[in-house]
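To start, the structure under review is shown below, and the notes come after it.
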Amino acid sequence: MQYTWNDVERHVAACTLCPLSQTRCRPVMGRGNLQADIMLIAEAPGGQEDRQGIPFVGKSGELLDSLLRECGLDRKELYITNILKCHPPGNRDPKEEEKEACFPYLKYETFLLKPKIIVCLGRVAAQRIISPDFKITREHGSWICRKNCALTATYHPSAILRDPSKYEDAKRDFLEIAKKRTALNS
Ligand code: URA
């Protein structure tokens, strides 16, 4: 049977596959343009995202929006999601079993969207999606190709908030992402 976006959203909304379902306010399904050619994948919803049920609505979302804008990109033309759909208490790192339980939702999102470019935001996403030993400081901005999709990673907006000197590197990465999209669409 072929799942639709509505099916995935319904399953995420009712999910009890891991204990985070008992502590979350709301699960946070990915959001954005369902025709997007760029998919951003981050780690897990923060506290504000947990309360609103929308990815990147807090301070890191504001930073992400301005970074995108500076690079000629707009959240409205992208699809943004997380490895985990539920908020880990205290913003701790996702546990292995939580990532595994949640991964099928991300697979369905990727299957339905069929992005040309996947951008991992931060170490947790890059290590789950690109390679378990991915080093974000050394390897951000590098590209691999998998199943007709170009994959890269850059800093997580929260890491840039903690260390603003990372902003320029992330900006360079997003400028390359914008260029790659133009090249893939021409
Ligand atoms: N941090 C994340 O990794 N994802 C969000 O949706 C918000 C903050």
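Residue indices begin at 1 and follow the sequence shown.
The side-chain heavy atoms of Phe174 and Leu64, taken from C-beta on, include a pair separated by under 4.5 Å. Between Ser158 and Arg162, some side-chain heavy-atom pair lies under the 4.5 Å cut-off. Side-chain contact between Cys149 and Thr110 is absent, with no heavy-atom pair separated by less than 4.5 Å. Contact annotation: the side chain of Pro94 approaches that of Val124 to within less than 4.5 Å [non-hydrogen atoms, C-beta and beyond]. With a 4.5 Å cut-off on side-chain heavy atoms, Pro115 and Leu113 count as touching. Looking at Leu175 and Ile177, their side chains never come closer than 4.5 Å, going by heavy atoms from C-beta outward. At least one side-chain heavy atom of Ile38 sits under 4.5 Å from a side-chain heavy atom of Leu73. The side-chain heavy atoms of Leu34 and Leu112, taken from C-beta on, include no pair separated by under 4.5 Å.
Although no hydrogens or angles enter the test, the distance criterion places a donor-acceptor pair under 3.5 Å between the side chain of Lys114 and the main chain of Phe111. Arg75 places a side-chain N or O within donor-acceptor distance of the main-chain N or O of Phe56, the cut-off being under 3.5 Å.
The NZ atom of Lys95 lies 8.0 Å from the CG atom of Leu20; values are rounded to the nearest 0.5 Å. Rounded to the nearest 0.5 angstrom, Cys71 SG and Glu176 CD are separated by 10.0 Å. Between Leu151 atom CG and Ile130 atom CD1 the span is 5.5 Å, to the nearest 0.5 Å. Note: Ile160 CD1 to Lys171 NZ = 12.0 Å, rounded to the nearest 0.5 Å. The CD1 atom of Ile136 sits 8.5 Å away from atom CD of Gln127, with the distance rounded to the nearest 0.5 Å.
Listed by first and then second residue, the salt bridge (Lys or Arg N to Asp or Glu O under 4.0 Å) pairs that reach into residues 20-44 are Asp37-Arg181, sequence neighbours excluded. Here salt bridge (Lys or Arg N to Asp or Glu O under 4.0 Å) pairs that include residues 136-157, with residues two or more places apart or in two chains, number zero. Pairs engaging residues 45-55 under the side-chain hydrogen bond (donor to acceptor under 3.5 Å, both in side chains) rule: none recorded [sequence neighbours left out]. Within the structure, every pair that satisfies the ring-ring contact (aromatic ring centres under 6.0 Å, His included) test and touches residues 128-155, not counting sequence neighbours, is listed here: His140-Tyr155.
Evaluation of the ring-ring contact (aromatic ring centres under 6.0 Å, His included) rule for Tyr105 yields no partner, not counting sequence neighbours.
Linking ILVMFWY side-chain heavy atoms closer than 4.5 Å, directly or via other members, places Tyr79 and Val57 in two distinct hydrophobic clusters. Leu68 and Ile54 are members of different hydrophobic clusters when ILVMFWY side chains are connected at heavy-atom separations under 4.5 Å. Note: the hydrophobic cluster containing Leu121 also contains Leu161 (ILVMFWY, side chain heavy atoms under 4.5 Å, direct or indirect links).
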Task: Evaluation steps, side chain to side chain donor-acceptor pair (under 3.5 Å), between Asn148 and Lys116 - done: CA-CA 7 Å; Asn148 264 340; Lys116 292 181 183 162; over 6 Å; no

Open item on the list: Under the criterion side chain to side chain contact (heavy atoms under 4.5 Å, CB included), I'd like the reasoning laid out for Met39 against Ile117: C-alpha separation, chi angles, the key distance, then a yes or no.
Closed with: CA-CA 6 Å; Met39 181 184 211; Ile117 297 173; over 6 Å; no

- [ ] Carefully, step by step, assess Ile41 and Leu106 under the rule side chain to side chain contact (heavy atoms under 4.5 Å, CB included).
- [x] CA-CA 9 Å; Ile41 305 177; Leu106 183 62; 4.0 Å; yes

Open item on the list: Would Ile129 and Ile83 count as a side chain to side chain contact (heavy atoms under 4.5 Å, CB included) here? Give the steps.
Closed with: CA-CA 9 Å; Ile129 305 293; Ile83 302 271; 3.9 Å; yes

Open item on the list: Using side chain to side chain contact (heavy atoms under 4.5 Å, CB included), reason through Thr154 and Val119 one step at a time and then give a plain yes or no.
Closed with: CA-CA 7 Å; Thr154 190; Val119 182; 4.3 Å; yes

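Of all non-hydrogen atoms in Gly30 and Thr81, the two that sit nearest each other are CA-OG1, 3.5 Å. Here the closest heavy-atom approach between residue Asn82 and residue Ala44 is recorded as OD1-N, 3.3 Å. Taking each heavy atom of Pro88 and Pro45 in turn, the nearest pair found is CD-O, 3.7 Å.
A salt bridge links Asp169 to Arg172: one of the charged nitrogens lies within less than 4.0 Å of a carboxylate oxygen. A salt bridge does not link Asp173 to Lys166: none of the charged side-chain nitrogens sits closer than 4.0 Å to a carboxylate oxygen. A salt bridge links Lys85 and Glu109; the closest N-O separation between the charged side-chain nitrogens and carboxylate oxygens is under 4.0 Å.
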All N/O donor-acceptor pairs, side-chain side in residues 8-17, below 3.5 Å, sequence neighbours left out:
from	atom 1	to	atom 2	distance (Å)
Arg10	NH2	Asp7	OD1	2.7

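Annotation: cation-pi pair Lys99/Phe103 absent, no NZ/CZ under 6.0 Å from the ring centroid and within 45° of its normal.
Counting only N and O atoms by type, the side chains of Asp163 and Ser165 include a donor and acceptor under 3.5 Å apart.
Under a cut-off of 6.0 angstrom, the local environment of OH in Tyr167 is crowded, with over 12 non-hydrogen atoms contributed by other residues, nucleotides or ligands.
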